[in-house]
Participant: 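Handing you a structure now.
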Amino acid sequence: MALYLGLDVGTQGVKAVVYDAPSRRIVARGAYPLSLLPTVIPGRAEQHPQSWIDGVRSAARQALAGVDATRVKAVGVSGQQHGQASSVGRGQGQQAPLQNGCDTESAREAEELSAKLGTTLVASFTATKLLWLLRHEPEVYAATRHVLLPGSYVNYWLTGRMAMEAGDASGTGIFDVAARTWDDAAAAAVDTRLPGLLPPLLGPEEAVGTLRPEAAAELGLGPDVLVSPGSGDNAMSALGSGVTRDGQLVVSLGTSGTLFGVSGAPIVDATGAIAPFCDATGAWLPLVCTLNCTRAAEEAREAFGLSQEEATRLAADEEAGCRGVNFIPYLAGERTPNWPNSSGTILGLRPGLLRGGLLYRAALEGATFSLRAGLERMQARRLLYFFVALCWHQG
Ligand SMILES: Nc1ncnc2c1ncn2[C@@H]1O[C@H](COP(=O)(O)OP(=O)(O)O)[C@@H](O)[C@H]1O
Ligand SMILES: O=P(O)(O)OC[C@H](O)CO
């Protein structure tokens, strides 16, 4: 009876699940915490790619320890989107720290590329980060031989093959979402060498390959185990939650907050608030993303030395509305709204209110209102959304 290993490479951790296909149940889990590298530079958010691999090894081994690993037939990776995993040409494990999707240092490059390409790219998009790298760390950019994303980097470690698929590639800003191909002209607008650094694209049903013998041995799996193309974490969440119809929406709370739904046609929003992503099945995934979701609440929790359970209990004891305390959660700058240089603010403090549970709740409320603004934007676009879908289907 077949088992499948699912890996999620998020900003705050790698998660592994073993899925039992016949019973449609998750039968084992593993997890490994990750964090952003400490920095005092505003807008910077970096991780070392080696930490993703350490996380994959550890989380997968934990999950596989509880099952008969010989039954595992395939592995699928869901990756944090937008972050860039370049410099692979310098050898696995030797890369410089790489920019996370939340990094907003490339705000100026985002403005420049938006003007040049006649579109709206926010600083999260990989293309803006590559232009930033070219300008600020030219030696690192010059050493770059291939550009991958976190998920495709992990697939490369698993199989030895570099490839990407449409769902994850849509977060680069140099991908033609309607045609599901690289947009070489947009890539060349970043750097003429960039089109040659991009990996081949796979369709939703094409495997990346089978496990490298070394990776198979490290995970305790057989070498004939297939690795699926996987996708960005948002597209994989849509698959996992069974969202397949226009009009259904998913809210996903992680370091970033995302809100998305499946569409039969690409969605174009000139303001850039709704990102025109592809999904993992050949359809599209209009998506709203905020940079500050659980990250703000986690910072509040950690500042008061509270465990997750304590923070949840104390926050539940506080009143909705937090006695007028407002936590604007833009700790990392923000992309929805597009305010990359904004910062977090706590308003309405009065004597006795500087409590961990209250600030934790206020941060969660702030992150929730951010996502609600995104939901309103998505709803406001629905008329046009159906119009575009109709044109597409008839065209
Ligand atoms: N519904 C929630 N309420 C409160 N905190 C949450 C919730 N969901 C996640 N978190 C917190 O956010 C952290 C990061 O979530 P996670 O999904 O692991 O993010 P990422 O995919 O970005 O790594 C979790 O470890 C947890 O502490
Ligand atoms: O690290 P996460 O899980 O917040 O993932 C980032 C998302 O992919 C952004 O769309």
Side-chain angles (χ1 to χ4, degrees), residues 6-17 29-36 45-47 51-52 55-56 59 77-85 98-104 122-126 129 149-152 154 167-173 230-238 240 250-260 273-280 285-302 306-316 329 331-332 334-336 357 359-368 370-371 374:
L7 296 166
D8 173 60
V9 185
T11 301
Q12 291 184 66
V14 175
K15 287 75 126 189
V17 293
R29 293 175 190 268
Y32 180 93
L34 296 176
S35 52
L36 293 165
E46 293 182 332
Q47 268 181 336
S51 67
W52 305 329
V56 162
V77 175
S78 130
Q80 47 170 289
Q81 297 207 245
H82 298 301
Q84 61 93 4
L98 299 175
Q99 296 140 298
N100 179 270
C102 294
D103 191 304
T104 48
V122 294
S124 292
F125 279 81
T126 321
K129 299 178 192 301
L149 298 170
S152 46
V154 170
D168 215 6
S170 3
T172 59
S231 193
D233 50 8
N234 299 298
M236 294 298 265
S237 296
V250 177
V251 175
S252 170
L253 309 176
T255 311
S256 310
T258 51
L259 176 81
F260 48 86
I274 302 175
F277 277 24
C278 295
D279 84 343
L285 194 83
L287 173 139
V288 169
C289 177
T290 59
L291 293 186
N292 300 278
C293 190
T294 65
R295 184 178 181 186
E298 290 298 284
E299 292 244 5
R301 180 177 74 72
E302 283 165 15
L306 298 172
S307 69
Q308 185 80 57
E309 292 70 28
E310 286 167 334
T312 305
R313 184 173 46 76
L314 291 172
L331 272 57
E334 188 47 84
R335 68 180 269 182
T336 315
L359 290 187
Y360 180 74
R361 181 174 186 124
L364 286 174
E365 287 188 358
T368 307
S370 274
L371 273 174

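Counting starts at 1 for both ligands and their atoms, in listed order.
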Participant: Give the numbers and elements of all ligand 1 atoms closer than 4.0 Å to a heavy atom of Glu298.
Facilitator: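 The list of qualifying atoms is 11 (C), 27 (O).
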Participant: Could you tell me whether a side-chain N or O of Ser124 sits under 3.5 Å from a main-chain N or O of Gly101, the two making a donor and an acceptor?
Facilitator: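 It does hold such a pair.
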Participant: Select one of side chain, backbone, both or neither to describe which atoms of Arg295 lie under 4.0 Å from any atom of ligand 1, heavy atoms only.
Facilitator: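 Answer for Arg295: neither.
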Participant: Got Arg29 and Val17 here, is their nearest side-chain heavy-atom distance under 4.5 Å?
Facilitator: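 Yes; the side chains approach each other to less than 4.5 Å.
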Participant: Enumerate the atoms of ligand 1 whose separation from the nearest heavy atom of Gly13 is less than 4.0 angstrom.
Facilitator: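 So the answer, numbered in order with elements, is 23 (O).
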Participant: Any N or O of Ser256 that comes nearer than 3.5 Å to an N or O of ligand 1?
Facilitator: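 Ser256 vs ligand 1: no N/O contact under 3.5 Å.
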Participant: Would you indicate whether the side-chain heavy atoms of Asn292 and Ser370 approach each other to under 4.5 Å?
Facilitator: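 In short, these two side chains do not touch, never coming nearer than 4.5 Å.
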Participant: Between Arg313 and Glu310, is there a salt bridge with N-O shorter than 4.0 Å?
Facilitator: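 The answer is no: the pair does not qualify as a salt bridge.
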Participant: Please write down residue, atom name and distance for the protein heavy atom closest to atom 8 (N) of ligand 1.
Facilitator: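 Ranking protein heavy atoms by distance from atom 8 (N) of ligand 1, first comes Leu253 O, 3.8 Å.
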Participant: Between Lys15 and Tyr32, is there a side-chain heavy-atom distance shorter than 4.5 Å?
Facilitator: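 Side chain of Tyr32 against side chain of Lys15, heavy atoms only: no contact under 4.5 Å found.
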Participant: Measure from the side-chain N and O atoms of Glu334 to the backbone N and O of Leu291, and report whether any donor-acceptor pair falls under 3.5 Å.
Facilitator: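 Yes, the answer is positive, given that a donor and an acceptor are paired below the 3.5 Å cut-off.
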Participant: What is the closest protein heavy atom to atom 12 (O) of ligand 1, and at what distance does it sit?
Facilitator: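 Here the nearest protein heavy atom works out to Thr294 OG1, 2.9 Å.
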Participant: Are any side-chain N or O atoms of Thr11 and backbone N or O atoms of Leu36, one a donor and one an acceptor, separated by less than 3.5 Å?
Facilitator: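 No, Thr11 side chain to Leu36 backbone: no donor-acceptor pair under 3.5 Å.
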Participant: What residues form a side chain to side chain donor-acceptor pair (under 3.5 Å) with Asn234, not counting sequence neighbours?
Facilitator: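 Checked Asn234 against side chain to side chain donor-acceptor pair (under 3.5 Å); matches are Gln81, Thr258.
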Participant: Do me a favour and list the nearest non-hydrogen protein atom to atom 4 (C) of ligand 1 with residue, atom name and distance?
Facilitator: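 Protein heavy atom at minimum distance: Tyr360 OH, 3.6 Å.
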Participant: Taking Arg301 for the side chain and Leu306 for the main chain, is one N or O donor matched with an acceptor at less than 3.5 Å?
Facilitator: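 Yes; judged by distance alone, with no hydrogens or angles, the pair exists.
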Participant: Return the residue, atom name and 0.1 Å-rounded distance of the protein heavy atom closest to atom 3 (N) of ligand 1.
Facilitator: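 Of every protein heavy atom, Leu364 CD2, 4.5 Å lies nearest to atom 3 (N) of ligand 1.
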Participant: Looking at Thr126 and Gln84, would you say the former's side chain and the latter's main chain have a donor-acceptor pair under 3.5 Å?
Facilitator: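 Answer holds: no.
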Participant: Among all protein heavy atoms, pick out the one at the shortest distance from atom 15 (O) of ligand 1; state its residue, atom name and that distance to 0.1 Å.
Facilitator: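 Looking only at protein heavy atoms, the one closest to atom 15 (O) of ligand 1 is Gly254 CA, 3.9 Å.
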Participant: Mind jotting down which protein residues get a heavy-atom contact under 4.0 Å with ligand 2? Chain and number order, please.
Facilitator: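 Residues within 4.0 Å of ligand 2: Gly10, Thr11, Gln80, Gln81, Asp233, Asn234, Thr255, Ser256, Thr258, Cys289.
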Participant: May I ask you to list the atoms of ligand 1 that are less than 4.0 angstrom from any heavy atom of Thr11?
Facilitator: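 Once the distances to Thr11 are compared, the set is 20 (P), 22 (O), 23 (O).
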Participant: Sort out for me which residue in Asp8, Asp168, Asn100 forms a side-chain contact (heavy atoms from CB on, under 4.5 Å) with Gln80.
Facilitator: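 Only one option passes, and that is Asn100.
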Participant: Strictly less than 4.0 Å: does any protein heavy-atom distance to atom 22 (O) of ligand 1 fall in that range?
Facilitator: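 So atom 22 (O) of ligand 1 has protein heavy-atom neighbours under 4.0 Å.
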Participant: Any heavy atom of Lys15 sitting closer than 4.0 Å to ligand 1?
Facilitator: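 Yes, that is the case, since the closest heavy atom of the residue is under 4.0 Å from the ligand.
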Participant: Note the single closest protein heavy atom to atom 27 (O) of ligand 1, along with its residue, its atom name and the distance in Å.
Facilitator: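 The closest one turns out to be Gln308 OE1, 2.7 Å.
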Participant: Do the side chain of Lys129 and the main chain of Ala123 share a donor and acceptor less than 3.5 angstrom apart?
Facilitator: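 Here the side-chain-to-backbone pair exists.
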